[in-house]
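Notes follow the structure.
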Amino acid sequence: MDLQLDKKSVVILASSQGLGKASALAFAKEGANVTLASRDEGKLKEAAEEIFQATGNKPSFRKCDVTQPEEIKALFRQAVKEFGTVDVLVNNAGGPKAGGFESHEDEDWQTAFELNLLSFVRAVREALPHMKQNGGGRIVNIASSSIKEPVEGLLLSNTFRMGIVGLSKTLAKEFGEYNILVNTVGPGRIATDRVAHLDEIRAEKLGMSYEEAKQQHEKTIPVGRYGTPDEFANTIVFLGSFANTYVTGQSIVVDGGSTKAY
Ligand SMILES: NC(=O)c1ccc[n+]([C@@H]2O[C@H](COP(=O)([O-])OP(=O)(O)OC[C@H]3O[C@@H](n4cnc5c(N)ncnc54)[C@H](OP(=O)(O)O)[C@@H]3O)[C@@H](O)[C@H]2O)c1
């Protein structure tokens with residue numbers, strides 16, 4: 001299948017490691033002009049070099065804390081300056097603080113809102129005019145499997161990821177006429193640093209080893225293992241490609257079958 005991504009300008013937020021970086025690599029393999037962003041310039045430089053070595057395609061990168069509106073604006077200015085426009089936006093951010101209702105103060109709620117929902121709104125605002133002008137665009141929002149079934153001990157994720165679903169579905173309706181397709185993808189347990197960190201917290205809480213905590217999770221996944229970042233990225237790249245011409249407003253989980261809800 002030709003994904004029609006050659007020379008397309010793709011902006012990927014929170015992409016110095018994990019799911020964002022894996023998605024960037026997958027787009028670069030398809031010949032896209034990728035712009036990476038995160039808070040850590042050193043990590044971004046390494047990620048860009050790694051992607052260049054693997055694909056021969058050199059990503060642009062810029063330090064951008066997604067909670068800072070001016071930094072988001074500057075990121076898009078750079079992408080447009082380097083690659084002429086923005087065709088595809090992949091929204092992503094660091095995970096919100098873990099915990100249940102009684103462990104969060106107003107400040108935690110506000111921080112999670114700004115990190116995990118408002119940042120997506122602001123990036124969409126910057127990308128849309130270019131997509132409209134180009135006669136089309138693709139937006140893929142990375143959320144969590146909590147868009148189908150709440151995850152125990154992750155109240156802030158359970159709350160704000162559903163905001164992403166509402167945002168995506170509404171944008172899909174509002175901008176379908178411009179050939180701008182918008183979808184949400186929820187990872188289940190994909191082996192990244194974030195998941196290793198959550199397993200460590202859980203292992204400590206339950207007084208077991210990290211390996212035991214991981215194995216407990218693996219037993220609940222029908223395919224019997226955690227996913228890899230590149231497996232996850234394959235779904236992002238298809239939805240963010242111009243081979244995708246008719247899937248929009250959807251929420252899809254990539255979870256090895258672990259979500260029990262329909
Ligand atoms: N992996 C999974 O299975 C899984 C499951 C459910 C949900 N998720 C969600 O999917 C997202 C990505 O997960 P991941 O596993 O790839 O996490 P990760 O390995 O921890 O990577 C997070 C990325 O976000 C960047 N980042 C964090 N805060 C940022 C900020 N304020 N501004 C800009 N960039 C920021 C980090 O870069 P810097 O440190 O360089 O800024 C890093 O590149 C998270 O929201 C996570 O909660 C993941």
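Counting starts at 1 for both ligands and their atoms, in listed order.
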Between E231 and R225 (salt bridge meaning N to carboxylate O under 4.0 Å), is one present in this structure?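 Salt bridge flag = yes for R225 with E231.
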Give the numbers and elements of all ligand 1 atoms closer than 4.0 Å to a heavy atom of [X].
{"X": "S16", "answer": "36 (C), 37 (O), 38 (P), 40 (O), 42 (C), 43 (O)"}
{"X": "V195", "answer": "1 (N), 2 (C), 3 (O)"}
{"X": "C64", "answer": "32 (N), 33 (C)"}
{"X": "T192", "answer": "1 (N), 14 (P), 15 (O), 19 (O)"}
{"X": "A143", "answer": "7 (C), 8 (N), 9 (C), 10 (O)"}
{"X": "P187", "answer": "4 (C), 5 (C), 6 (C), 7 (C), 8 (N), 48 (C)"}
{"X": "S38", "answer": "33 (C), 34 (N), 37 (O), 38 (P), 40 (O), 41 (O)"}
{"X": "R189", "answer": "3 (O)"}

For ligand 1, is there an N or O atom under 3.5 Å from any N or O atom of [X]?
{"X": "A37", "value": "no"}
{"X": "A93", "value": "yes"}
{"X": "V66", "value": "yes"}
{"X": "N116", "value": "no"}
{"X": "T67", "value": "no"}
{"X": "K43", "value": "yes"}

Heavy-atom donor-acceptor pair, [X] side chain to [Y] backbone, under 3.5 Å:
{"X": "K132", "Y": "F175", "result": "no"}
{"X": "N141", "Y": "T184", "result": "no"}
{"X": "D199", "Y": "K214", "result": "no"}
{"X": "S9", "Y": "T85", "result": "yes"}
{"X": "T259", "Y": "A261", "result": "no"}
{"X": "E149", "Y": "K260", "result": "yes"}
{"X": "S38", "Y": "S15", "result": "no"}
{"X": "N183", "Y": "Q250", "result": "yes"}
{"X": "N134", "Y": "G136", "result": "no"}
{"X": "N244", "Y": "S241", "result": "no"}

Atom CD of Q216: over 12 foreign heavy atoms under 6.0 Å: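 For Q216, atom CD is crowded (more than 12 foreign heavy atoms under 6.0 Å).
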Is the count of non-hydrogen atoms from other residues, nucleotides or ligands lying under 6.0 Å from E204 atom CD greater than 12?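 For E204, atom CD is not crowded (no more than 12 foreign heavy atoms under 6.0 Å).
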Can V185 be reached from I164 by stepping across I, L, V, M, F, W or Y side chains whose heavy atoms are under 4.5 Å apart?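 No; V185 is not reachable from I164 via cluster members.
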Write out the residue and atom name of the closest protein heavy atom to [atom], then the distance separating them to 0.1 Å.
{"atom": "atom 29 (C) of ligand 1", "result": "R39 NE, 3.4 Å"}
{"atom": "atom 13 (O) of ligand 1", "result": "L19 CD1, 3.8 Å"}
{"atom": "atom 26 (N) of ligand 1", "result": "G94 N, 3.8 Å"}
{"atom": "atom 12 (C) of ligand 1", "result": "N92 OD1, 3.4 Å"}
{"atom": "atom 31 (N) of ligand 1", "result": "D65 OD1, 2.9 Å"}
{"atom": "atom 18 (P) of ligand 1", "result": "Q17 NE2, 3.4 Å"}
{"atom": "atom 3 (O) of ligand 1", "result": "I190 N, 2.6 Å"}
{"atom": "atom 17 (O) of ligand 1", "result": "R194 CB, 3.3 Å"}

Do L75 and I72 touch side chain to side chain, with heavy atoms closer than 4.5 Å?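 When only atoms from C-beta onward are counted, I72 and L75 do not touch, as no gap falls below 4.5 Å.
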With the threshold set at under 4.0 angstrom, would you say G186 reaches ligand 1 through any of its heavy atoms?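 It does not, in that no heavy atom of G186 comes within the 4.0 Å cut-off of ligand 1.
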Using heavy atoms and a 4.0 Å limit, tell me yes or no: is H197 in contact with ligand 1?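 For ligand 1, residue contact (heavy atoms, under 4.0 Å) with H197 is absent.
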Among A14, S144, G188, which one puts a heavy atom closest to atom 5 (C) of ligand 1?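 Nearest option to atom 5 (C) of ligand 1, by heavy atoms: G188.
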Under a 4.0 Å heavy-atom limit, does [X] contact ligand 1 with its side chain, its backbone, both, or neither?
{"X": "L13", "answer": "neither"}
{"X": "L44", "answer": "neither"}
{"X": "R161", "answer": "side chain"}

Give me the ring orientation class for F113 and F160: parallel if the planes are under 30° apart, tilted from 30 to 60°, perpendicular past 60°.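 The rings of F113 and F160 sit tilted, inter-plane angle from 30° to 60°.
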